[in-house]
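Notes for the one structure printed next.
None of these values were measured; they are calculated from a predicted model.
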Amino acid sequence: MSLYMGRMFLIRTFAILAALVLILQSLDLLSESGRILAYAGNGDAEVWRYVGLRVPQIVETFLPYSVLLGSIITLSQLNQNSEVIAMKASGLSAHQVLAPLLVAGMFVALISFGFNERIVTRATATLEQWKKVEYGPLPIDRGDRSNVWVRDGDHLVEVLQIKGRGNATQLYGITVYERRGGSLRSILTAKHGQREGNGWRIDGAERFDVAAGKIVPIGSAHVGEGVRPDQFTLSHVEPDGLPFTALKEAVDDLKLAGRPTKALEGSLWHKLSGPLSSILMPLLGAVAAFGLARSGKLFFRAVIGMSLGFLYFVADNFALAMGNLGAYPPFLAAWAPFLLFLMIGEAVLLRTEE
C-alpha cells in the first residue's frame with residue numbers, strides 16, 4: 001500500500017511539473033526570444049541555450065506547487081475510490097495514511113536540494129551574466145571590481161579599482177580613513193597596493209593629518225593587517241547564483257568586511273527551508289483525503305487544501321521580503337512560514353480525523 005501511494009504521488013507530481021514547465025517556458029519564450037534574436041549573430045542555438053538555462057529556474061520555482069497539486073489529486077482519488085476508508089477501517093490513523101506521501105515528499109525535498117545546488121545555481125549565475133550583456137558573448141570574469149569599501153578595525157578602506165583574485169589581487173586608488181574612538185585622525189592615500197603577509201603593502205603613500213592640517217609623504221607602508229583579498233572582491237553577491245556552502249562563505253566574508261548581510265542570511269536559510277516545503281505540502285493537502293466522498297464536499301475539501309498551500313507560498317514570499325527589508329530576523333524570515341503552516345496542517349488534520 002505504501003509503494004502504491006508513493007508511486008501515485010510521485011507520478012502525478014512530476015507529470016504536473018512537466019506540464020507547468022512546458023507551458024511556462026513557452027510563454028517565457030514569447031517575451032524573451034525577440035531580445036535574444038535582436039543581438040546580431042544569435043539564432044536557434046542561442047534560443048535553445050536560453051531554454052536550457054531557464055528551465056532549471058522554472059523547475060525550482062514550481063516544484064512545490066506541483067507537490068501540492070500532486071498531493072491533492074492523489075488523496076482525492078484515494079478518497080473517491082473509498083481506499084482511505086478501507087485503510088482507516090484496517091486501523092490506520094490519519095498520520096499513518098499520510099506517511100507514504102510524507103516519505104515521498106522527503107525524497108522530493110532531497111532531490112530538490114541537490115538539483116538547486118548543482119544545476120539551478122550555475123544556470124542562474126550564467127543567465128544573469130548573459131542578460132547583462134543583452135544576450136551577447138559572455139565576457140571573461142577576471143575579478144575586476146570598483147569602488148569597494150572595507151572595514152579594518154576602526155579604520156575604513158576605500159579602493160577605487162581592484163584587479164585579480166586571491167594573493168594576486170592588485171589595489172588601485174587606495175584611501176584609508178584612520179580613526180580612533182570614532183573620530184577621524186588622518187587620511188592615508190596611495191596609488192597602488194598589493195598583498196604582503198597578512199596585510200597590504202602600499203606604494204607612493206601620503207598621510208593627511210587632520211589635526212595639523214598637513215600632508216606628509218611616507219612612501220611605502222603596510223596597512224590592512226588581517227584584511228583578506230576576498231573581502232575586496234566580494235563587492236556584490238547574488239544568492240540565487242551560489243550554492244549553500246559558497247553563499248555561507250560569502251556571508252562570513254562580508255561580515256568580516258563590515259557589510260550588511262541580513263538579506264543574504266535569509267536567502268541562506270531559505271535554501272534549506274525551501275526544499276523542505278515538499279514535505280509540508282501533503283500535510284496541507286490532507287484535508288482532501290478525509291471525509292465521505294459521497295457527501296458532495298470532496299471538491300470543497302480539495303479547494304481548502306489548495307488554498308492552504310497557496311497561502312503558505314504567499315506567507316513565505318512575504319516573510320522573505322520583510323527579511324530583506326530588515327523587519328524580520330533572517331532565521332525567522334526563512335523558517336517562520338514553514339513552522340506556522342506545519343502547525344496549521346497538524347491542527348486541520350487532527351480536527352478532520354475527529
Side-chain angles (χ1 to χ4, degrees), residues 5-36 47-78 80 101-102 104-128 131 240-241 267 270-271 273-289 299 301-318 320-321 337-338 341 345:
M5 292 180 63
R7 185 170 62 251
M8 284 182 61
F9 167 70
L10 292 176
I11 290 175
R12 283 154 179 76
T13 295
F14 288 107
I16 293 171
L17 178 63
L20 288 175
V21 169
L22 181 62
I23 295 171
L24 294 172
Q25 181 61 82
S26 301
L27 295 174
D28 185 59
L29 273 180
L30 292 176
S31 61
E32 289 296 326
S33 59
R35 298 174 186 174
I36 297 171
V47 173
W48 283 110
R49 182 187 183 189
Y50 174 81
V51 172
L53 295 174
R54 188 71 177 99
V55 165
Q57 294 181 330
I58 297 176
V59 171
E60 178 197 19
T61 303
F62 289 94
L63 179 58
Y65 295 90
S66 302
V67 174
L68 173 65
L69 295 176
S71 302
I72 293 175
I73 293 174
T74 300
L75 294 172
S76 298
Q77 184 176 348
L78 292 173
Q80 184 73 34
L101 271 64
L102 296 176
M106 187 177 299
F107 175 72
V108 173
L110 291 175
I111 293 178
S112 175
F113 180 78
F115 181 77
N116 296 345
E117 290 289 290
R118 299 296 299 175
I119 298 177
V120 177
T121 53
R122 297 178 182 181
T124 300
T126 303
L127 185 57
E128 290 299 320
K131 285 183 176 180
D240 293 335
S267 299
H270 195 261
K271 286 183 178 290
S273 64
L276 285 178
S277 62
S278 297
I279 304 175
L280 184 62
M281 293 303 107
L283 186 62
L284 296 179
V287 66
F299 178 76
R301 288 175 173 273
V303 171
I304 293 177
M306 192 177 300
S307 301
L308 287 174
F310 281 103
L311 281 175
Y312 164 76
F313 295 121
V314 172
D316 187 48
N317 291 327
F318 175 78
L320 281 179
F338 179 86
F341 278 83

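- Note that CD1 of Ile72 is 11.0 Å distant from CZ of Phe9, once rounded to the nearest 0.5 Å.
- Counting only distance, with no hydrogens or angles, the side chain of Ser112 and the backbone of Val108 share no donor-acceptor pair below 3.5 Å.
- How far CG of Leu102 is from OG of Ser278: 11.5 Å, rounded to the nearest 0.5 Å.
- The line from CE of Met306 to CD1 of Ile304 is 11.5 Å long, rounded to the nearest 0.5 Å.
- For Phe115, the CZ atom sits in a packed shell: over 12 heavy atoms of surrounding residues, nucleotides or ligands are nearer than 6.0 Å.
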| request: Test Gln25 against Val55 for side-chain contact (heavy atoms from CB on, under 4.5 Å), laying out the working first. | output: CA-CA 7 Å; Gln25 181 61 82; Val55 165; 3.4 Å; yes
| task | Evaluate the side-chain contact (heavy atoms from CB on, under 4.5 Å) criterion for residues Lys271 and Thr121: first the C-alpha distance (whole Å), next the side-chain angles of each, then the deciding distance (0.1 Å), finally the verdict. | result | CA-CA 11 Å; Lys271 286 183 178 290; Thr121 53; 4.1 Å; yes
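- Considering OG1 of Thr124 and CZ of Arg54, their distance stands at 8.5 Å, rounded to 0.5 Å.
- Between Lys131 and Arg35, the closest side-chain pair of non-hydrogen atoms is not below 4.5 Å.
- Relative orientation of the Phe310 and Tyr65 rings is tilted, given thresholds of 30° and 60° on the angle between their planes.
- The two atoms that bring Pro275 and Asn116 nearest to each other are CG-ND2, 4.0 Å, heavy atoms only.
- Scanning all heavy atoms of the two residues, the minimum distance from Met281 to Ser71 falls at C-OG, 4.1 Å.
- With hydrogens and angles disregarded, a donor-acceptor distance shorter than 3.5 Å links the side chain of Arg12 to the backbone of Met8.
- No donor-acceptor pair closer than 3.5 Å links the side chain of Thr126 to the backbone N or O of Ala123.
- Atom CG in Leu75 sits 5.5 Å away from atom CG in Leu101 (nearest 0.5 Å).
- Within the 4.5 Å cutoff, the side chain of Asp316 has no heavy atoms near those of the Phe341 side chain.
- At a threshold of 4.5 Å between non-hydrogen side-chain atoms, the residues Leu24 and Thr61 do not count as touching.
- Atom CD1 of Ile58 sits about 13.0 Å away from atom CG of Leu63, to the nearest 0.5 Å.
- Taking 4.5 Å as the limit, every side-chain heavy atom of Ser66 sits out of range of all side-chain heavy atoms of Phe14.
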